[in-house]
Amino acid sequence: MLNALAYLVGLVSLVIVIPAQIPLLGWANWLALPLIVVGVILGALSSRDGGRNFCLVVLLIAAVRLSLGGGFF
């Protein structure tokens, strides 16, 4: 059950992160980061690794975009 919740949180985060790849919308990654962390925690509490790994990939995408944009843009 926790794995499914982690996937769901990861999908919601991905919906926020994808438009945040557009220039000047990088601030939306800051909104997605706490949600991604919740998904990683739910995935870590689960007996399976799929949801956690999916959230980690979304976290990596958001973190790389933030680092390329200087943390804001």
Side-chain angles (χ1 to χ4, degrees):
M1 185 66 180
L2 289 175
N3 194 40
L5 284 174
Y7 270 118
L8 183 64
V9 170
L11 281 174
V12 170
S13 300
L14 189 62
V15 167
I16 296 171
V17 168
I18 287 176
Q21 304 306 312
I22 299 171
L24 300 176
L25 290 179
W27 55 268
N29 284 317
W30 287 108
L31 298 175
L33 285 178
L35 193 60
I36 296 169
V37 170
V38 169
V40 170
I41 291 170
L42 287 174
L45 293 175
S46 172
S47 61
R48 303 182 80 187
D49 295 336
R52 184 200 64 206
N53 293 342
F54 179 65
C55 287
L56 287 174
V57 169
V58 175
L59 178 67
L60 180 67
I61 293 168
V64 167
R65 171 61 177 92
L66 278 173
S67 67
L68 288 175
F72 189 70
F73 298 110

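Because only heavy atoms are used, hydrogens play no part in the values below, and waters and symmetry mates are left out as well, while side chains stay in.
Pairs passing the salt bridge (Lys or Arg N to Asp or Glu O under 4.0 Å) check and including a residue from residues 40-49, sequence neighbours excluded, read D49-R52. Legend: salt bridge (Lys or Arg N to Asp or Glu O under 4.0 Å) pairs involving residues 11-26, not counting sequence neighbours: none detected. The stretch residues 31-51 participates, sequence neighbours left out, in no ring-ring contact (aromatic ring centres under 6.0 Å, His included) pair at all.
Hydrophobic clustering of Ile, Leu, Val, Met, Phe, Trp and Tyr side chains at less than 4.5 Å, counting indirect connections, unites L33 with L14. Tracing side-chain contacts under 4.5 Å through hydrophobic residues (I, L, V, M, F, W, Y), one reaches L35 starting from V37; they form part of the same cluster. In terms of hydrophobic clustering, with Ile, Leu, Val, Met, Phe, Trp and Tyr side chains grouped at heavy-atom distances under 4.5 Å, V58 and V38 are assigned to different clusters. One hydrophobic cluster, built from ILVMFWY side chains closer than 4.5 Å, cannot hold both V40 and L2; they sit in different ones. Note on V9: it does not cluster hydrophobically with L31, by side-chain heavy-atom contacts below 4.5 Å among ILVMFWY residues.
Closest of all the heavy-atom pairs between A32 and I16 is CB-CG2, 3.7 Å. Pairing each heavy atom of C55 with each of A6, the nearest pair is SG-O, 3.3 Å.
In the hydrophobic clustering (ILVMFWY side chains linked at under 4.5 Å, chained through shared members), L8 stands by itself. By the 4.5 Å side-chain criterion applied to Ile, Leu, Val, Met, Phe, Trp and Tyr, M1 is assigned to no cluster and stands alone.
When atom types are taken as modelled, the side chain of N3 and the backbone of G51 share a donor-acceptor pair closer than 3.5 angstrom.
Note that the CZ atom of F54 and the CG atom of L56 stand 11.0 Å from one another [nearest 0.5 Å]. Summarising the geometry, atom CG belonging to L66 is positioned 9.5 Å from atom CG belonging to L59; distances are rounded to the nearest 0.5 Å.
Contact annotation: the side chain of R65 never approaches that of I61 to less than 4.5 Å [non-hydrogen atoms, C-beta and beyond]. A heavy-atom distance below 4.5 Å is found between the side chains of W27 and L25.
Checked against side-chain contact (heavy atoms from CB on, under 4.5 Å), V64 has the following partners two or more places apart in sequence or in another chain: L60, L68.
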